[in-house]
J.: 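Just passing along the structure, written as structure tokens.
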Amino acid sequence: MEINVKDILIKPLPAKIANEFVRSHHYSGKVVNNSQLHLGAFYNGVLHGVMSFGCPMDRSKVIGLVSGTKWNDFLELNRMAFDDYLPRNSESRCISVAMKIIKKHYPNIEWILSFADGTQCGDGTIYRASGFVLTQINSNKTILEFPNGERIANLTLTADWDCKEVKELCARLGIEHKYRTMSEWEKYGVKAACGFMLRYIYFINKAARERLTVPIIPFSEIDKMNAGMYKGEQIKQIDRHK
């Protein structure tokens with residue numbers, strides 16, 4: 001039976017349930033600890049997706065993107081994870097409903113920030129289909145790659161070196177688990193993976209768009225900069241629609 005995306009129910013979730021789903025279905029396998037609002041996507045009572053919102057890691061660096069924004073008047077969509085059960089266009093429909101929920105229950109929130117990982121995941125197809133505007137395409141040097149193809153965030157190797165992920169990495173590499181500087185890790189052949197990070201903004205308060213302090217970038221620039229990626233594969237937007 002064909003699923004009608006309008007039958008997908010969006011409602012708040014406890015952090016524990018949301019985080020378990022994200023760990024199982026997000027490509028990174030990680031949650032963002034400062035997520036405060038978790039919305040689940042249900043069909044026939046079964047959870048098929050999670051959208052987690054919270055304050056950005058460093059609000060002071062991004063609050064100026066929209067002039068006049070107060071400290072607590074914007075959020076970041078910092079995790080979005082769906083399984084493969086729901087049909088195409090479900091994610092953009094769910095984002096639309098999520099924005100309406102935020103507008104109703106948190107009327108002070110003017111805009112939503114989010115980032116697309118064009119190094120490991122995708123260039124933001126869902127965001128573009130959901131009404132976000134593109135405001136930055138940057139070369140991403142934060143993801144490191146080992147000669148065996150394994151990838152890991154640079155801060156995980158250094159600032160979070162005692163975590164389970166690094167312990168398991170050391171075991172697979174057959175090396176002692178201990179703190180290492182980046183130069184020490186480089187001796188094992190680690191280097192920055194090629195890719196991009198794309199920054200998107202959604203305006204819940206449409207008038208706030210007039211206060212945007214950076215240019216809106218045409219989506220066509222993604223292909224011009226060879227920043228296209230879909231489901232972890234480097235591919236241009238124009239080629240994925242052939």
Side-chain angles (χ1 to χ4, degrees), residues 19 21-35 50 52 54 56-58 61-62 76-84 91 113-128 132 134-200 217 219 221-240:
N19 288 339
F21 187 94
V22 169
R23 289 190 181 99
S24 297
H25 295 90
H26 194 266
Y27 73 92
S28 71
K30 293 182 178 181
V31 301
V32 177
N33 292 327
N34 61 331
S35 295
V50 168
S52 294
M57 293 297 290
D58 191 344
K61 290 185 178 179
V62 293
E76 180 179 326
L77 172 55
N78 41 38
R79 279 293 182 269
M80 183 169 180
F82 279 72
D83 62 20
D84 295 326
E91 292 94 338
L113 175 72
S114 198
F115 293 89
D117 182 356
T119 303
Q120 302 182 96
C121 184
D123 56 35
T125 301
I126 295 170
Y127 298 145
R128 296 192 295 276
F132 283 74
L134 178 63
T135 62
Q136 188 179 72
I137 306 173
N138 271 355
S139 178
N140 183 13
K141 302 297 184 182
T142 66
I143 305 300
L144 303 176
E145 185 172 29
F146 284 86
N148 65 357
E150 289 199 60
R151 290 185 172 187
I152 192 169
N154 55 7
L155 286 178
T156 302
L157 278 184
T158 53
D160 198 22
W161 67 273
D162 202 29
C163 69
K164 179 182 178 182
E165 185 177 1
V166 178
K167 289 179 181 177
E168 293 176 346
L169 173 65
C170 290
R172 289 192 296 272
L173 294 175
I175 61 177
E176 179 186 0
H177 173 245
K178 65 176 185 178
Y179 171 78
R180 291 179 173 86
T181 64
M182 192 53 63
S183 60
E184 289 176 303
W185 278 112
E186 289 172 355
K187 295 177 183 178
Y188 293 95
V190 68
K191 60 181 181 180
C194 296
F196 294 82
M197 186 67 74
L198 299 88
R199 185 181 67 205
Y200 289 88
I217 301 173
F219 297 146
E221 286 297 310
I222 297 174
D223 280 355
K224 289 181 181 179
M225 294 181 64
N226 292 318
M229 174 172 276
Y230 184 69
K231 293 186 176 180
E233 298 292 332
Q234 294 285 347
I235 181 172
K236 291 185 175 182
Q237 297 179 75
I238 191 172
D239 292 335
R240 66 186 80 156

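Hydrogens, waters and symmetry mates are skipped; everything else that's a heavy atom, side chains included, is used. These numbers were taken from a predicted model, which means no experiment stands behind them.
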J.: Taking all heavy atoms of Val22 and all of Ser52, pick out the closest pair and write down the distance.
T.: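 In terms of heavy atoms, the two residues are closest at CG2-OG, 4.4 Å.
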
J.: What heavy-atom pair brings His25 and Phe82 nearest, and what distance separates the two atoms?
T.: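 Looks like CB-O, 4.3 Å.
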
J.: Side chains of Asn78 and Glu76: do they bring a donor and an acceptor to under 3.5 Å?
T.: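 Glu76 and Asn78 do not have a side-chain donor-acceptor pair below 3.5 Å.
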
J.: Please identify each residue that fulfils salt bridge (Lys or Arg N to Asp or Glu O under 4.0 Å) with Glu165, with sequence neighbours left out.
T.: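 Residues passing salt bridge (Lys or Arg N to Asp or Glu O under 4.0 Å) with Glu165: Lys30.
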
J.: What distance separates Phe196 CZ from Asp123 CG, expressed to the nearest 0.5 Å?
T.: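 One finds 11.0 Å between CZ of Phe196 and CG of Asp123.
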
J.: Can you check whether Thr181's main-chain N or O pairs, donor with acceptor, with Glu184's side chain at less than 3.5 Å?
T.: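 Yes; at least one donor-acceptor contact below 3.5 Å.
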
J.: Drop me the distance from Phe219's CZ to Leu198's CG, to the nearest 0.5 angstrom.
T.: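 Separation between the atoms: 10.5 Å.
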
J.: Using side chain to side chain donor-acceptor pair (under 3.5 Å) as the criterion, list what pairs up with Asp83, not counting sequence neighbours.
T.: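 For Asp83, the residues satisfying side chain to side chain donor-acceptor pair (under 3.5 Å) (neighbours in sequence not counted) are His48.
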
J.: What's the spacing between Arg180 CZ and Leu157 CG if we round to 0.5 Å?
T.: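 Answer rounded to 0.5 Å: 9.5 Å.
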
J.: Without swapping roles, check the side chain of Asn140 against the backbone of Thr142 for a donor-acceptor pair under 3.5 Å.
T.: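 It does hold such a pair.
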
J.: Could you work out, with ring pair (Phe, Tyr, Trp, His ring centres under 6.0 Å) as the rule, every residue matching Tyr127, not counting sequence neighbours?
T.: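 Result, ring pair (Phe, Tyr, Trp, His ring centres under 6.0 Å) vs Tyr127: Phe132, Tyr200.
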
J.: Just verifying a value: how many Å separate Lys141 NZ and Asn154 CG, rounded to the nearest 0.5 Å?
T.: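 Reported value, rounded in 0.5 Å steps: 11.5 Å.
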
J.: Might you point out which heavy atoms bring Arg199 and Leu134 nearest each other, and give the distance in Å?
T.: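 For Arg199 and Leu134, the tightest heavy-atom pair comes out as O-CD1, 3.5 Å.
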
J.: Kindly determine whether Thr156 and Val166 satisfy side-chain contact (heavy atoms from CB on, under 4.5 Å), including the steps that lead there.
T.: CA-CA 7 Å; Thr156 302; Val166 178; 3.8 Å; yes

J.: Looking at Ala193 and Thr119, what are the two nearest heavy atoms and their distance?
T.: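 Heavy atoms only, the tightest pair is CB-CG2, 3.9 Å.
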
J.: Using the test ring pair (Phe, Tyr, Trp, His ring centres under 6.0 Å), find all partners of His26 that sit at least two apart in sequence or belong to another chain.
T.: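 Scan of His26 (ring pair (Phe, Tyr, Trp, His ring centres under 6.0 Å), adjacent residues dropped) gives none.
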
J.: Report yes if some heavy atom in the side chain of Met182 is under 4.5 Å from a heavy atom in the side chain of Thr158; otherwise report no.
T.: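 Sidechains of Thr158 and Met182: in contact.
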
J.: Should Lys224 and Glu221 count as an ion pair when the cut-off is N to O under 4.0 Å?
T.: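 Salt bridge: yes.
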
J.: With heavy-atom distances below 4.5 Å as the criterion, would you say the side chains of Pro56 and Leu113 are in contact?
T.: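 In contact.
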
J.: Got His177 and Leu169 here, is their nearest side-chain heavy-atom distance under 4.5 Å?
T.: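 No, every pair of side-chain atoms sits at 4.5 Å or beyond.
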
J.: Can you confirm whether more than 12 heavy atoms, excluding those of Lys167, are under 6.0 Å from its NZ atom?
T.: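 For Lys167, atom NZ is crowded (more than 12 foreign heavy atoms under 6.0 Å).
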
J.: Just how far is it from atom CD1 of Ile137 to atom CD1 of Ile217, taken to the nearest 0.5 Å?
T.: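 It is 5.0 Å, given to the nearest 0.5 Å.
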
J.: Check whether any side-chain heavy atom of Phe146 sits under 4.5 Å from a side-chain heavy atom of Ile152, and report yes or no.
T.: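 Yes - at least one pair of side-chain heavy atoms lies under 4.5 Å apart.
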
J.: Taking atom CD of Gln120 and atom CZ of Arg151, what is their separation to the nearest 0.5 Å?
T.: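 Answer for the CD-CZ pair, Gln120 versus Arg151, is 6.0 Å.
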
J.: Using salt bridge (Lys or Arg N to Asp or Glu O under 4.0 Å) as the criterion, list what pairs up with Glu186, not counting sequence neighbours.
T.: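 Glu186: no salt bridge (Lys or Arg N to Asp or Glu O under 4.0 Å) contacts found.
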
J.: Can you confirm whether Asn33 is buried at CG, in the sense that more than 12 heavy atoms of other residues, nucleotides or ligands lie under 6.0 Å from that atom?
T.: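 Open.
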
J.: For Pro147 versus Gly189, what's the shortest heavy-atom pair and its separation?
T.: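 Where Pro147 meets Gly189 most closely, the heavy atoms are CD-O, 3.6 Å.
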
J.: How about Asn34 and Met57: do any of their side-chain heavy atoms sit closer than 4.5 Å?
T.: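 Counting from C-beta outward, Asn34 and Met57 do come under 4.5 Å.
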
J.: Under the side chain to side chain donor-acceptor pair (under 3.5 Å) test, which residues partner Asn226, sequence neighbours left out?
T.: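 Scan of Asn226 (side chain to side chain donor-acceptor pair (under 3.5 Å), adjacent residues dropped) gives none.
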
J.: For Glu176 and Cys170, work out which heavy atoms get closest and say how close.
T.: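 Where Glu176 meets Cys170 most closely, the heavy atoms are O-SG, 3.9 Å.
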
